[in-house]
Peer 1: 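A single structure is presented below for examination.
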Amino acid sequence: MAIAHAVMGLLTQGGRYGYEIRRELEQEFGAEWRIDFGQLYRLLASIERKGWVAVRLVPGTQGPTRRVYGLTRQGRAEFDRWLDAPLETAEHGRDEFPLKVRFGIARGPACVST
């Protein structure tokens, strides 16, 4: 479930709406992490049901109301568990090593595990 953890990793840095999440995944980790909007919103709904993210509605300044996703305490615990776990086999060509390095460095140098 590396894609869910990639999304949660982005949310450790603050709330984001769907377009930001999609754009940052591709910009940060490359084309193999591209996800279409339908997949992204199904994923966000799934991890919301698990209690890992919460949604708040924010009025758009020049458009519709946005759904901003933020990491919950339970989501942070799950993300930390994943970050501390050994690497898993690539999912759909998505190597989680760059994710763990990027988010591990953001968390602190003594916390990266391989």
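For clarity, every value in this text was computed on a predicted model and none was experimentally measured.
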Peer 1: Does G75 offer a backbone N or O that forms a donor-acceptor pair with the side chain of K50 under 3.5 Å?
Peer 2: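 Here the side-chain-to-backbone pair does not exist.
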Peer 1: Hey, could you give me the CG/OG1 distance between D80 and T12, rounded to the nearest 0.5 Å?
Peer 2: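 Rounded to the nearest 0.5 Å, the CG-OG1 separation comes out at 8.5 Å.
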Peer 1: Contact between E28 and R102 at the side-chain level, heavy atoms closer than 4.5 Å - yes or no?
Peer 2: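 E28 vs R102: side chains touch.
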Peer 1: With a 4.5 Å cut-off on side-chain heavy atoms, are L99 and W33 touching?
Peer 2: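 When only atoms from C-beta onward are counted, L99 and W33 do touch, with a gap below 4.5 Å.
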Peer 1: With a 4.5 Å cut-off on side-chain heavy atoms, are E20 and R66 touching?
Peer 2: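 No, their side chains stay 4.5 Å or more apart.
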Peer 1: Got a second to check how far M8's CE is from T72's OG1, nearest 0.5 Å?
Peer 2: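 Between atom CE of M8 and atom OG1 of T72 there are 8.5 Å.
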Peer 1: Ignoring hydrogens and geometry, is there a side-chain-to-backbone donor-acceptor pair from R42 to G38 under 3.5 Å?
Peer 2: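 Yes, the answer is positive, given that a donor and an acceptor are paired below the 3.5 Å cut-off.
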Peer 1: So do the side chains of V7 and I35 get within less than 4.5 Å of each other, counting heavy atoms only?
Peer 2: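 No. Closest side-chain heavy atoms not under 4.5 Å.
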Peer 1: Please report the shortest heavy-atom distance between A4 and L43, naming the atom on each side.
Peer 2: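 Looking at all heavy atoms of both residues, the shortest contact is CB-CD1, 3.7 Å.
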Peer 1: Is there a side-chain contact between Y41 and R22 (heavy atoms, below 4.5 Å)?
Peer 2: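 No, side chains not in contact.
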Peer 1: Atom OH in Y69, atom CD1 in I21: separation rounded to 0.5 Å?
Peer 2: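 Here the rounded value is 7.5 Å.
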Peer 1: For the hydrophobic clusters of this structure (ILVMFWY residues joined by side-chain heavy atoms under 4.5 Å, transitively), does one cluster hold both V68 and L57?
Peer 2: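 Looking at the clustering, L57 is in a separate group from V68.
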Peer 1: Are the side chain of R16 and the backbone N or O of L10 linked by a donor-acceptor pair below 3.5 Å?
Peer 2: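 The answer is yes, because a donor-acceptor pair under 3.5 Å joins these two groups.
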Peer 1: Describe, in one word, how the ring planes of W82 and H5 are oriented to each other, choosing from parallel (under 30°), tilted (30 to 60°) and perpendicular (over 60°).
Peer 2: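 The arrangement is parallel - the two ring planes meet at less than 30°.
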Peer 1: Show the nearest heavy-atom pair for residues L11 and V53, with the distance to one decimal.
Peer 2: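 Nearest heavy atoms, L11 then V53: CD1-CG1, 3.6 Å.
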Peer 1: How about CZ on R73, more than 12 heavy atoms from neighbouring residues, nucleotides or ligands closer than 6.0 Å, or not?
Peer 2: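 12 or below, so no.
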Peer 1: State, to 0.1 Å, how close E96 and L87 come at their nearest heavy-atom pair, and which atoms those are.
Peer 2: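 So the minimum-distance heavy-atom pair works out to OE2-CA, 3.2 Å.
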Peer 1: Within this structure, what is the CG-CG distance for the pair L40 and L25, rounded to the nearest 0.5 Å?
Peer 2: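 Rounded to the nearest 0.5 Å, the CG-CG separation comes out at 7.5 Å.
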